[in-house]
Number of protein chains: 2
Amino acid sequence: MKIGELAQVAQCTVETVRYYEKEGLLSEPARTPGNFRVYGPEHLERLRFIRNCRALDMSHGEIHTLLNLAVQPAEGCGAINAVFDQHIAHVEERIQELAQLKLQLNTLRQRCRTEQAVDACGILHGLAAMENGQKSERHTHLG
Amino acid sequence: MKIGELAQVAQCTVETVRYYEKEGLLSEPARTPGNFRVYGPEHLERLRFIRNCRALDMSHGEIHTLLNLAVQPAEGCGAINAVFDQHIAHVEERIQELAQLKLQLNTLRQRCRTEQAVDACGILHGLAAMENGQKSERHTHLG
DNA sequence: ACACAACCTAAAGCTACTATAGAGTCAATG
DNA sequence: CATTGACTCTATAGTAGCTTTAGGTTGTGT
């Protein structure tokens, strides 16, 4: 199959497929005499794997690691579980952060319930005055 | 005060300060004869405002809007509240997405409870087989 | 006089793509 | 057989919000 078909069945764009190839997530496929990429079922399988990981918000780094571990049967899947657990931890951490944020935002929102003059707007004053417990450092790739 | 001191009291790096200036979030300060930036209290106040907004994960666009609205006392603060409410909605939406993700991840994680051969690893098989309800499009700037 | 910290600009790097420009391939139609 | 149109190719730039690097200048202390 050519790149358009591959992209379609894998639910992504052709640009994304080419991008994955450049990143080393997908191996370079054979080419037709006219220089078109030709893919087999093994490429589709791998691309599906990658897209599923992305749908779970894993980073390319994490996916790389998983792909490498998958072809080392000797290793057992302990390392795979570790990657996975760490990713779950990332997601949980980000949820916590956002929940915290939401609290702060709601508190601030309370301060301006009515339409009034800008000078009196409680939100603006709150934003100016907030004593911000320093923005915690990102440990995760989740924005 | 010079840029280093400003950055320190505002809890960010000097590079970030210069970046905000280039982005138009901070106005260009005066310079010493030696071409060093010199800031006054008004710069600090504005930078604090910006950093507080960033701590709440607002985008530069949102912050720009707020800063503009803040200097238009004629307008009243209805628009400000609107920006704020929309941002709160962004945060809530992202929390929902991540919660959904976490469910999927935990389900998958169940499939490999023990250290075993890679070929049998339920996570890998799950990742390969997952029939992914297409990754929903981002409406927010929160990753 | 010289070291050293802090400052300066400009440009590249980061993540995961998306978008654009300009050119080539191929099957079908007139 | 020439042309149209869909598809493909490469290379490059843009997105957000910074961080990092390179290479040079200013100011301070000994």
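Lettering of chains follows the sequences in order, A, B, ..., and the numbering in each one begins at 1.
- Close to dT26(D), at under 4.0 Å from its OP1 or OP2, lies no side-chain N or O of T32(B).
- The nearest whole Å value for the distance from the CG atom in L142(B) to the P atom in dT15(C) is 20 Å.
- The interatomic distance linking L25(A) (CG) with dA16(C) (P) rounds to 9 Å, in whole Å.
- Nearest-nucleotide mapping onto DNA chain D: of T16(B) and I3(A), the residue sitting toward the 5' end is I3(A).
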Could I get a table of every N or O pair under 3.5 Å where one atom is in the protein and the other is in nucleotides 10-13 of chain D?
from	atom 1	to	atom 2	distance (Å)
dT10(D)	OP1	R31(A)	NH1	3.3
dT10(D)	OP1	R31(A)	NH2	3.0
dT10(D)	OP2	R37(A)	NH1	3.0
dT10(D)	OP2	R37(A)	NH2	2.7

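- Here salt bridge (charged side-chain N to carboxylate O under 4.0 Å, His left out) pairs that include residues 31-40 of chain A, with residues two or more places apart or in two chains, are E21(A)-R37(A).
- Listed by chain and number, the residues in a salt bridge (charged side-chain N to carboxylate O under 4.0 Å, His left out) with R109(A) are D85(B) (sequence neighbours excluded).
- Qualifying side-chain contact (heavy atoms from CB on, under 4.5 Å) partners for T65(B), counting only residues two or more places apart in sequence or in other chains: L69(B), V83(B).
- Between its two ends, the helix from dA1(C)-dT30(D) to dG30(C)-dC1(D) turns its axis by 40°, counting five pairs per end and rounding to 10 degrees.
- Ranked by how close their nearest DNA chain D nucleotide is to the 5' end, Y39(A) and Y19(B) are led by Y39(A).
- Side-chain N/O atoms of H60(B) include one lying less than 4.0 angstrom from OP1 or OP2 on dC18(D).
- Not a single ring-ring contact (aromatic ring centres under 6.0 Å, His included) links F36(B) to another residue, sequence neighbours left out.
- Taking a cutoff of 4.0 Å between a charged side-chain nitrogen and a carboxylate oxygen, D57(A) and R94(B) qualify as a salt bridge.
- E23(A) has its CD atom 13 Å from the P atom of dT18(C), to the nearest Å.
- Listed nucleotides dG17(D), dT19(D), dA16(C) differ in distance to S59(A); the shortest reach to its side chain belongs to dA16(C).
- Two residues, K2(A) and E15(A), neighbour DNA chain C, and the one matched to the more 5' nucleotide by heavy-atom proximity is E15(A).
- Summary of the strand contacts: Y20(A) and G34(A) both lie near DNA chain C, and taking for each the nucleotide with the nearest heavy atom, the more 5' one is attributed to Y20(A).
- Contacts of H141(A) with the nucleic acid, taken as non-hydrogen atoms under 4.0 Å apart, are absent.
- Scored by the side chain to side chain donor-acceptor pair (under 3.5 Å) test, E15(B) finds T13(B) as partners (sequence neighbours excluded).
- When the P atom of dA16(D) is taken as reference, atom CE of M58(B) falls 18 Å away, rounded to whole Å.
- In this structure, E21(A) atom CD and dC17(C) atom P are separated by 15 Å, rounded to whole Å.
- Residues M58(B) and L66(B) form a side-chain contact, since some pair of their non-hydrogen atoms from C-beta on lies under 4.5 Å apart.
- Residues passing the side chain to side chain donor-acceptor pair (under 3.5 Å) test with D119(B): none are found, sequence neighbours excluded.
- Ring-plane geometry between H60(B) and Y20(B) is classed as perpendicular, the angle between the planes exceeding 60 degrees on a 0 to 90 degree scale with a lower cut at 30.
- Distance H90(A) NE2 to dT15(C) C1': 15 Å, rounded to the nearest Å.
- What separates CE of M1(B) from C1' of dC7(C) is a distance of 15 Å, to the nearest Å.
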Identify each donor-acceptor pair in which a side-chain atom of residues 38-45 of chain A lies under 3.5 Å from a protein atom, sequence neighbours left out, and give them as a table.
from	atom 1	to	atom 2	distance (Å)
H43(A)	ND1	G40(A)	N	3.2

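- Rounded to an integer number of Å, the gap from CZ of F36(B) to C1' of dG27(D) is 6 Å.
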